[in-house]
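Indexing begins at 1, ligand by ligand and atom by atom, following the structure's order.
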Amino acid sequence: MAILVCGGAGYIGSHNVRALLAQGETPVVLDNFLTGHRASVPAGVCVHEGDMRDPALLDAVFSAHDIDAVLHFAASSLVGESMERPLKYFQNNIGGMMTLLEAMVRHGVDRIVFSSTAAVYGEPDRVPIDEDAALQPTNPYGESKLVMERLMRWVGEVHGVRSVILRYFNVAGAWPDGSIGEDHRPETHLIPLILQVPLGKRPLITVFGDDYPTPDGTCIRDYLDVMDLVDAHLRALAYLRDGGRSVVCNLGNGTGFSVRQMVEAARRVTGHNIPMSVGPRRVGDPARLVASAARASSVLGWQAHAGIEEIIASAWKWHGAHPDGYDR
Ligand code: UDP
């Protein structure tokens, strides 16, 4: 039996593909390679290239393999871009999910693990955020993921497709040997940008606002190691195989760190003084996003293990060995 990994050449998908292989599973990758990297997919893994919105392609993929379950990571995921091109996000993300679910129903595949996001909550009304918090996305990216969640819910009710929806907080880090890692173009995430300073690629890191209502004035986020995230996906897969019912779980550490604390941690890890300047706030950034991951613990037996220095250290190992990402 194979596991179809949609978006298996992306940052999080590629780490899951590796972990599936290590567990003796047979991952099959579907990716359009617009943001994914061929070099991140191990040799020997079957790769289908194309757009998820193509029903004929999905039929071919589902016919070529005996697919047991789907891990779905493929989506446009830049918040800023989604504010400029909302329809791209609705077309690509929601359209891709509709085509995928249709193919799953046609081919009798009834298990899916989906990468959702804390962006479905928007500006939270309470912290830590549990899964019953209000769902009020503040950008089209978060809205598209919320609609994708709802599509799965109804297809579950009507067609019996069971889903584990994982709402990620801030994912970072890399495979422990530094062989695969994060390579977004453009890069917008805090940890890779901080590490560009000791790599000599930028002179300093700009903190987006220090006048938030937090202890040091900078935004607080819940940083999660990609390997802990991978562990959650493997557990979700096992849960569905054991007959588990559809569930939505947050994935986070349950502890928040400020931007300033992250820069300080990166200084300790890299031994570089990493100069910092304070710029204006970035539009749409909530002051504090911290997960309650209690449900993932009770339902999946999962909890995050890596602390921020460990996360930064593995990211540093990857970026240090691959300063230009997957480009040689
Ligand atoms: N951030 C920052 N400078 C940067 C990039 C990000 O101060 O160059 C801040 C950002 O405002 C947010 C946190 O770092 O508070 C994490 O941002 P990121 O884009 O990594 O993830 P997000 O929380 O937006 O999903």
Side-chain angles (χ1 to χ4, degrees), residues 10-12 35 73 75-84 89 93 115-124 127-129 137-146 166-174 181-199 201-226 229 250-267 272 274-291 308 311-312 314-316 318-319:
Y11 167 44
I12 294 169
T35 55
F73 303 97
S76 303
S77 61
L78 296 174
V79 169
E81 185 191 45
S82 81
M83 293 294 281
E84 286 158 18
Y89 280 69
N93 295 356
S115 63
S116 189
T117 167
V120 298
Y121 298 113
E123 184 80 48
V127 175
I129 304 168
T138 51
N139 53 65
Y141 164 66
E143 189 73 47
S144 73
K145 289 270 175 160
L146 182 54
L166 300 173
R167 292 182 182 150
Y168 310 164
F169 282 61
N170 289 63
V171 185
E182 199 167 358
D183 181 358
H184 295 119
R185 307 184 189 189
E187 188 52 78
T188 61
H189 293 112
L190 181 65
I191 293 177
L193 288 175
I194 292 175
L195 294 176
Q196 286 181 2
V197 182
L199 283 173
K201 290 181 164 277
R202 63 174 56 231
L204 49 78
I205 182 76
T206 304
V207 175
F208 296 151
D210 70 350
D211 57 351
Y212 285 92
T214 60
D216 68 18
T218 66
C219 287
I220 291 177
R221 294 287 181 273
D222 183 333
Y223 295 90
L224 175 67
D225 188 83
V226 69
L229 189 81
N250 286 340
L251 295 182
N253 258 297
T255 311
F257 291 91
S258 72
V259 176
R260 225 181 257 283
Q261 286 176 308
M262 295 306 287
V263 175
E264 282 159 9
R267 288 175 179 152
H272 188 284
I274 310 184
M276 189 170 83
S277 74
V278 177
R281 289 183 176 199
R282 186 170 67 178
V283 177
D285 269 343
R288 194 158 175 248
L289 291 177
V290 179
I308 52 168
I311 298 172
I312 295 170
S314 77
W316 182 228
W318 151 253
H319 289 293

Note to self: Test your reading of the model: is there a side-chain donor-acceptor pair from T218 to the backbone of R260, 3.5 Å cut-off?
What the structure shows: yes
Check: How are the rings of F169 and Y121 set relative to one another: parallel (under 30°), tilted (30 to 60°) or perpendicular (over 60°)?
Finding: tilted
Item checked: Short side-chain to backbone donor-acceptor contact, D222 and A291, under 3.5 Å -> yes
Item checked: Any donor-acceptor pair under 3.5 Å from H272 side chain to I274 backbone -> yes
Table of N or O contacts for ligand 1, cutoff 3.5 Å:
residue	atom	partner	partner atom	Å
ligand 1	3 (N)	T206	O	2.8
ligand 1	7 (O)	F208	N	2.9
ligand 1	11 (O)	D285	OD2	2.6
ligand 1	17 (O)	R282	NH2	3.4
ligand 1	19 (O)	T188	O	3.3
ligand 1	19 (O)	R282	NH1	3.3
ligand 1	19 (O)	R282	NH2	3.0
ligand 1	20 (O)	L190	N	2.8
ligand 1	21 (O)	N170	ND2	3.0
ligand 1	23 (O)	N170	ND2	3.0
ligand 1	23 (O)	R221	NE	2.7
ligand 1	24 (O)	R282	NH2	2.7

Next item on the list: Report yes or no: is the cationic atom of R288 (NZ for Lys, CZ for Arg) under 6.0 Å from the centre of the six-membered ring of Y212, at an angle within 45° of the ring normal?
Entry: no
Check: ring pair (Phe, Tyr, Trp, His ring centres under 6.0 Å) with Y168: which residues, sequence neighbours excluded?
Finding: H233
